[in-house]
Number of protein chains: 2
Amino acid sequence: MERSTRQRRAIREAFLEAGRPLSPQEVLELARKKVPSLGLATVYRTLKGLVEEGFLTPVALPGEPSRYEPAGKGHHHHFLCRLCGRVYELLGCDLALEGPLPPGFLAEGHEVMVYGRCPECT
Amino acid sequence: MERSTRQRRAIREAFLEAGRPLSPQEVLELARKKVPSLGLATVYRTLKGLVEEGFLTPVALPGEPSRYEPAGKGHHHHFLCRLCGRVYELLGCDLALEGPLPPGFLAEGHEVMVYGRCPECT
DNA sequence: AGCAAGTTGAGAAGAAGTTTTCATCGTGGC
DNA sequence: GCCACGATGAAAACTTCTTCTCAACTTGCT
């Protein structure tokens with residue numbers, strides 16, 4: 001059976017409190033505020049479990065370690081701050097794409113990444 | 001001084017003939033048709049050189065090894081075939097984004113990846 | 001409280017892509 | 001054609017991220 005441990009609670013809370021996609025390293029740092037002894041292996045194990053159980057979904061980015069965010073949000077995209085490396089969620093999607101493709105191509109989905117500076121790094 | 005070798009010519013030609021972004025592995029396979037003894041280390045060395053000299057630019061994608069494409073093209077995006085893994089260039093950019101950002105965010109650029117099936121994989 | 005079984009932390013190990021090492025080869029200037 | 005020096009190929013090493021191992025610890029049930 002799956003147990004509720006201090007570590008798992010701390011990791012879940014980290015996501016709810018951060019309100020943005022987190023990398024395993026960020027999860028480690030945030031959750032250590034509550035459970036200082038927390039190890040990286042536990043973070044990875046727990047992330048894996050939370051993805052399988054449907055609480056989180058992975059967010060893949062080019063040349064960066066994956067982030068994770070609470071699942072169940074609608075279609076949206078992300079913003080990566082070039083200074084601090086934090087990822088934020090962008091609500092909605094204005095992309096009217098998936099029409100002007102060359103013949104023979106069939107679109108099944110898309111990802112948009114916006115790069116720039118976040119409010120913290122102005 | 002920088003020499004013109006069979007290997008480097010083969011790698012350059014691979015890009016001109018492929019007409020799409022190539023991964024180091026793809027470069028190896030294509031260029032080996034002309035220089036069968038070609039090694040992966042040479043591919044990486046040459047790619048690095050071609051990027052520095054401005055002939056190629058890297059194309060980073062989420063969870064995939066970087067592709068490279070001839071530099072100097074205008075702003076455009078890419079299509080990744082989920083079956084064969086090939087990347088194609090999409091001309092133009094319909095993205096009217098970079099306006100509806102939350103306050104405090106400053107956009108400096110963006111990337112769009114479209115996923116689906118390419119003509120080869122229908 | 002007692003205990004079986006799941007969980008944890010630290011370090012080792014693994015995976016995947018990229019770079020370095022080094023002996024040998026090839027290019028281009030003379 | 002000669003030769004210095006850059007380039008090559010194969011394998012080892014390296015990076016970065018992720019997973020595994022295992023002894024020690026917790027949790028949840030009784």
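Quick caveat, the model's predicted, so the values are computed rather than measured. Protein chains get the first letters and strands the later ones, always in sequence-line order, with residue 1 at the start of each.
Phosphate proximity of C/dT18 to B/Y44: present, with a side-chain N or O under 4.0 Å from OP1 or OP2. Contact between the side-chain N/O atoms of B/R8 and the OP1/OP2 oxygens of D/dT8 is found at a separation under 4.0 Å. Between B/T42 and the phosphate of D/dG9, there is a side-chain N or O to OP1/OP2 separation shorter than 4.0 Å. For the pair A/S4 and D/dT27, the criterion of a side-chain N or O lying under 4.0 Å from OP1 or OP2 is not met.
When the C1' atom of C/dT7 is taken as reference, atom CG of A/L50 falls 14 Å away, rounded to whole Å. Atom CZ of A/R32 and atom C1' of C/dA10 are 11 Å apart (whole Å). Note: CD (A/E2) to P (C/dA4) measures 22 Å, nearest angstrom. Between A/L40 atom CG and C/dG9 atom C1' the separation is 10 Å, expressed in whole Å. The distance from atom CZ of A/R6 to atom C1' of D/dT26 is 9 Å, rounded to the nearest whole Å. The interatomic distance linking B/L28 (CG) with C/dT19 (C1') rounds to 16 Å, in whole Å. The interatomic distance linking A/Q25 (CD) with D/dC17 (P) rounds to 8 Å, in whole Å. Going from atom CD of A/Q7 over to atom C1' of C/dA10 covers 14 Å, rounded to whole Å.
Heavy-atom distances to DNA chain C give each of A/S37 and B/R9 a nearest nucleotide, and the one nearer the 5′ end belongs to A/S37. Nearer the 5' end of DNA chain D, as judged by each residue's closest nucleotide, is the contact made by B/V43, out of B/V43 and A/K48.
When the nucleotides D/dA7, C/dG17, D/dT18 are ranked by their closest atom to the side chain of B/P65, C/dG17 comes out on top. Among the nucleotides C/dT8, C/dT18, D/dA7, the one closest to the side chain of B/T5 is D/dA7.
Distance alone, capped at 3.5 Å, places no donor-acceptor pair between the B/R67 side chain and the B/V87 backbone.
For an aromatic pair to be called close, the ring centres must be under 6.0 Å apart, and B/H110 with A/H77 fails this.
Remark: the A/R3 side chain and the D/dG28 base include no donor-acceptor N/O pair separated by less than 3.5 Å. At a cut-off of 3.5 angstrom, counting only N and O atoms as typed in the model, there is a donor on one side and an acceptor on the other between the side-chain of A/R45 and the base of C/dG9.
A cation-pi contact, defined as under 6.0 Å to the ring centre and within 45° of the axis, is absent between A/R117 and B/F105.
Between B/Y68 and B/V51, the closest side-chain pair of non-hydrogen atoms falls below 4.5 Å.
For the 3.5 Å distance criterion, the side chains of A/E69 and A/H78 qualify, holding a donor opposite an acceptor.
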